[in-house]
Amino acid sequence: MSFLLAKMAALMLVAMASGGLVTRWWIFRRYEDVTADYGRLDRAWRGWRLALQDDATRRAAARRASALPRRSGAPPVPRAHVARRPQRNGAD
């Protein structure tokens, strides 16, 4: 029985090692190394981010400029009307 367990353990180790090697081979064959292009990608990302921030700033400024002025001719709401709430008697 111990020989069978030792044989199973050895085969499991061989399977893990070969699976790791196949995985490593597949990843290196499939994916491209981008470390050489990191500077270019970083510059492109910064330019895109700055353009987005500038666009958001322009939109916020346009929104503030086109905001409707407050109506000064309307009378203020009395505090009694604002603070008043309907009373519940619990027999709902």
Would you please name every residue forming a side-chain contact (heavy atoms from CB on, under 4.5 Å) with F28, sequence neighbours left out?
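For F28 the side-chain contact (heavy atoms from CB on, under 4.5 Å) partners, ignoring immediate neighbours, are R24.
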Decide if atom CZ of R59 counts as having more than 12 heavy atoms of other residues, nucleotides or ligands within a radius under 6.0 Å.
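Counting neighbours around CZ of R59, 12 or fewer heavy atoms of other residues, nucleotides or ligands fall under 6.0 Å, so no.
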Enter the distance from L50:CG to D55:CG here, rounded to the nearest 0.5 Å.
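Output value for this atom pair is 12.5 Å.
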From R46 atom CZ to L41 atom CG, the distance as rounded to the nearest 0.5 Å
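These two atoms lie 12.0 Å from each other.
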Nonpolar side-chain network containing W25, other nodes, edges under 4.5 Å:
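Answer for W25: W26, I27, Y31.
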Please give the remaining members of the hydrophobic cluster of W48, linking ILVMFWY side chains under 4.5 Å, ordered by chain and number.
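Reading the cluster by chain and number, W48 sits alongside W45, L52.
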Can you list the residues that meet the side chain to side chain donor-acceptor pair (under 3.5 Å) rule with R30, with sequence neighbours excluded?
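R30 satisfies side chain to side chain donor-acceptor pair (under 3.5 Å) with no other residue.
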By side chain to side chain donor-acceptor pair (under 3.5 Å) - contacts of D54 (at least two apart)
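Once residues adjacent in sequence are excluded, D54 has no partner under the side chain to side chain donor-acceptor pair (under 3.5 Å) criterion.
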Donor-acceptor list for residues 8-21 side chains, cut-off 3.5 Å, not counting sequence neighbours:
{"from": "S18", "atom 1": "OG", "to": "V14", "atom 2": "O", "distance (Å)": "3.1"}
{"from": "S18", "atom 1": "OG", "to": "A15", "atom 2": "O", "distance (Å)": "3.1"}

